[in-house]
**Q** 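Have a look at this one before I ask anything.
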Amino acid sequence: MTLPIRGPLRLLAWAALVLLIAGCSGMQLAYNTADFFIENYADDYLRLDNAQIQRWAPTLEAALAKHRQQELPYLAAFFNSAQNDARKGFTRANVGCLLNQFDVIYRRHFKLAAATAAPLLADLDKGQIDTLARKFRKEAREDAEDAETPANVRVEKRAKRYAKSLQWWIGDPSARQHRIVRDVVAELPDSAGWYRYRDRKRRELIDLLRSGASSARIERFLTAWLVDYTDMPPDVSRGRRELRQSMTDLLVRLDDSLSDAQRRKLIDRLTGLRRDFMRLQHKPHMAPVSC
């Protein structure tokens with residue numbers, strides 16, 4: 001699933017950061033050093049000076065504390081639901097519930113990320129804004145090149161990425177599972193409209209920064225874009241619904257193909273993530289789930 005913006009705001013969706021690192025270095029280490037990773041990534045991406053980092057550090061520290069208190073219970077509940085569903089078997093009904101939970105988590109994380117990134121973005125000088133604009137243009141060119149790639153090549157590249165991710169969850173996929181992944185990937189919605197929308201919003205963000213917008217104004221812009229989808233084009237909105245359907249198809253079809261060993265590995269992965277998100281809380285609990 002493609003996130004709508006690259007750079008520091010993407011990294012500030014801490015669940016993504018933690019899950020990406022957890023496989024190789026451990027959940028608690030990744031989470032407890034998140035401020036270090038985020039500060040250094042933001043510095044590398046935006047070329048911050050020491051004064052800017054120092055001004056932003058209290059905002060980041062407060063956001064991480066808020067995340068630990070308010071967001072970890074949602075992540076723990078999500079992985080608890082996922083491991084229960086893995087034991088029973090994935091159905092369209094329980095996958096739909098999982099995706100509803102994921103959507104809530106996504107929106108909550110990006111709302112917090114927008115509030116945290118806005119003061120930093122408002123503090124950028126002209127040279128830093130120009131640097132960010134150049135990075136966005138480079139990424140837009142990469143998106144355009146991807147959109148122009150022959151469909152069969154895009155499908156093969158995506159199928160390989162999905163299969164590599166799947167390997168972490170269940171172990172080596174079988175030939176049948178590779179076919180399932182490729183079949184589902186081949187039906188994913190076209191990315192061209194999404195790329196155009198993302199490029200437009202990033203250019204709007206640059207214009208906003210160059211106008212000297214306040215932190216509050218930037219936060220409202222980011223929230224409207226990334227949380228509320230206020231001006232998402234119809235084709236992109238339709239693509240989101242189609243992507244959800246594709247993810248449902250993938251999980252349901254893969255469930256029927258899992259060996260006993262693969263299911264056990266998947267359950268262990270999900271249970272471990274639930275345990276870690278509980279342990280990271282000062283007062284461990286899970287958010288209520290309603291579907």
Side-chain angles (χ1 to χ4, degrees), residues 1-7 9-25 27 30 37 41 45 75 78-79 82 86 90 95 98-99 102-103 105-106 109-110 135-136 138-199 202 226 236 239-259 262-263 265-266 269-270 272-273:
M1 183 171 294
T2 303
L3 293 177
I5 186 170
R6 303 179 190 177
L9 192 62
R10 177 174 178 170
L11 191 61
L12 283 168
W14 295 279
L17 169 69
V18 172
L19 291 176
L20 285 170
I21 298 173
C24 60
S25 61
M27 177 68 73
F37 283 105
Y41 188 90
Y45 203 86
L75 289 164
F78 175 83
F79 287 106
F90 291 109
V95 171
L98 275 180
L99 293 178
F102 179 84
D103 188 56
I105 290 169
Y106 172 93
H109 276 74
F110 270 93
K135 291 180 181 293
F136 282 165
K138 178 178 181 292
E139 291 166 358
R141 289 193 297 270
E142 293 171 354
D143 288 344
E145 291 172 1
D146 181 70
E148 293 171 0
T149 303
N152 64 314
V153 176
R154 292 201 306 272
V155 168
E156 290 303 325
K157 287 173 62 177
R158 289 175 180 175
K160 287 180 181 179
R161 289 200 301 268
Y162 275 62
K164 184 177 181 179
S165 176
L166 186 63
Q167 185 175 27
W168 189 83
W169 292 102
I170 68 170
D172 291 333
S174 67
R176 178 188 174 190
Q177 288 163 343
H178 277 289
R179 288 194 298 272
I180 291 171
V181 169
R182 193 189 183 288
D183 288 348
V184 171
V185 167
E187 297 300 321
L188 291 177
D190 184 72
S191 299
W194 181 262
Y195 289 154
R196 289 192 296 270
Y197 172 60
R198 180 167 63 183
D199 181 45
R202 290 187 297 196
L226 300 169
V236 178
R240 289 186 69 252
R241 295 192 297 272
E242 291 172 356
L243 179 61
R244 178 187 174 104
Q245 181 61 51
S246 295
M247 293 302 99
T248 302
D249 292 342
L250 179 62
L251 284 176
V252 171
R253 292 180 62 183
L254 283 174
D255 183 85
D256 186 56
S257 73
L258 294 176
S259 68
Q262 286 176 326
R263 189 177 298 277
K265 185 177 183 66
L266 176 60
R269 287 289 196 196
L270 294 168
L273 288 167

**Q** Could you walk me through whether Arg141 and Glu145 satisfy the salt bridge (charged side-chain N to carboxylate O under 4.0 Å, His left out) test, starting with their C-alpha distance in whole Å, then the side-chain angles of each, then the deciding distance to 0.1 Å, before giving a yes or no?
**A** CA-CA 6 Å; Arg141 289 193 297 270; Glu145 291 172 1; over 6 Å; no
**Q** Phe90 and Leu251: which non-hydrogen atoms are nearest, and at how many Å?
**A**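 Closest pair (atom of Phe90, atom of Leu251, distance): CB-O, 4.0 Å.
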**Q** Using side-chain heavy atoms (C-beta onward) and a distance below 4.5 Å, is Asp143 in contact with Asp199?
**A**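 No, their side chains stay 4.5 Å or more apart.
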**Q** Would you please name every residue forming a side-chain hydrogen bond (donor to acceptor under 3.5 Å, both in side chains) with Arg196, sequence neighbours left out?
**A**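 Arg196 satisfies side-chain hydrogen bond (donor to acceptor under 3.5 Å, both in side chains) with no other residue.
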**Q** Take Trp194 and Leu243 through the test side-chain contact (heavy atoms from CB on, under 4.5 Å) and record every step on the way to the result.
**A** CA-CA 12 Å; Trp194 181 262; Leu243 179 61; over 6 Å; no
**Q** If the condition is side chain to side chain contact (heavy atoms under 4.5 Å, CB included), which residues does Val155 pass it with, not counting sequence neighbours?
**A**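 With neighbours one apart ignored, the set is Arg182, Val185, Ala186.
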**Q** Just verifying a value: how many Å separate Phe102 CZ and Leu75 CG, rounded to the nearest 0.5 Å?
**A**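 That separation rounds to 10.0 Å.
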**Q** Minimum heavy-atom separation for Trp169 and Leu273, please, with both atom names.
**A**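 Distance-wise, the nearest heavy atoms are CH2-CD1, 3.5 Å.
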**Q** List for me each residue that meets side-chain hydrogen bond (donor to acceptor under 3.5 Å, both in side chains) alongside Arg179, sequence neighbours excluded, and say none if there are none.
**A**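 Listed in chain order: nothing, the list is empty.
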**Q** Which residues pass the side-chain hydrogen bond (donor to acceptor under 3.5 Å, both in side chains) test with Thr248, sequence neighbours left out?
**A**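 Applying side-chain hydrogen bond (donor to acceptor under 3.5 Å, both in side chains) to Thr248 gives none.
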**Q** If the threshold is 4.0 Å, N to carboxylate O, is there a salt bridge linking Arg253 and Asp183?
**A**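 Judged by the 4.0 Å cut-off on N to carboxylate O distance, Arg253 and Asp183 do form a salt bridge.
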**Q** Which residues pass the side chain to side chain contact (heavy atoms under 4.5 Å, CB included) test with Glu242, sequence neighbours left out?
**A**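 Partners of Glu242 by the side chain to side chain contact (heavy atoms under 4.5 Å, CB included) criterion, ordered by chain and then number, come out as Pro189, Arg238.
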**Q** Working to the nearest 0.5 Å, report the span between CD of Gln245 and CG of Leu99.
**A**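 Taking CD in Gln245 and CG in Leu99, the distance rounds to 9.5 Å.
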**Q** Show your reasoning for whether side-chain contact (heavy atoms from CB on, under 4.5 Å) applies to Met247 and Leu98.
**A** CA-CA 11 Å; Met247 293 302 99; Leu98 275 180; over 6 Å; no
**Q** Are Gln262 and Leu254 close enough that some pair of their side-chain heavy atoms sits under 4.5 Å apart?
**A**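 No, too far: nothing below the 4.5 Å cut-off.
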**Q** Please report the shortest heavy-atom distance between Leu270 and Ala86, naming the atom on each side.
**A**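 Nearest heavy atoms, Leu270 then Ala86: CD1-CB, 4.0 Å.
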**Q** Please report the interatomic distance CG(Leu250) to CG(Leu166), rounded to the nearest 0.5 Å.
**A**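 Reported to 0.5 Å precision, the distance equals 7.5 Å.
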**Q** Is the shortest side-chain heavy-atom distance between Leu188 and Arg154 below 4.5 Å?
**A**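 No, their side chains stay 4.5 Å or more apart.
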**Q** Answer yes or no: is there a side-chain heavy-atom contact under 4.5 Å between Val184 and Tyr162?
**A**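 Result no, sub-4.5 Å side-chain heavy-atom pair not found.
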**Q** Any side-chain heavy atom of Arg202 sitting closer than 4.5 Å to one from Glu139?
**A**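 Yes, their side chains come closer than 4.5 Å.
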**Q** Within the structure provided, determine whether Glu187 and Asp249 are in side-chain contact (heavy-atom separation under 4.5 Å).
**A**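 Sidechains of Asp249 and Glu187: no contact.
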**Q** Under the side-chain hydrogen bond (donor to acceptor under 3.5 Å, both in side chains) test, which residues partner Ser257, sequence neighbours left out?
**A**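 In terms of side-chain hydrogen bond (donor to acceptor under 3.5 Å, both in side chains), with neighbours along the sequence ignored, Ser257 is linked to Gln177.
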**Q** Roughly how far apart are Lys265 NZ and Leu258 CG, rounded to 0.5 Å?
**A**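 If we round to the nearest 0.5 Å, Lys265:NZ and Leu258:CG are 12.5 Å apart.
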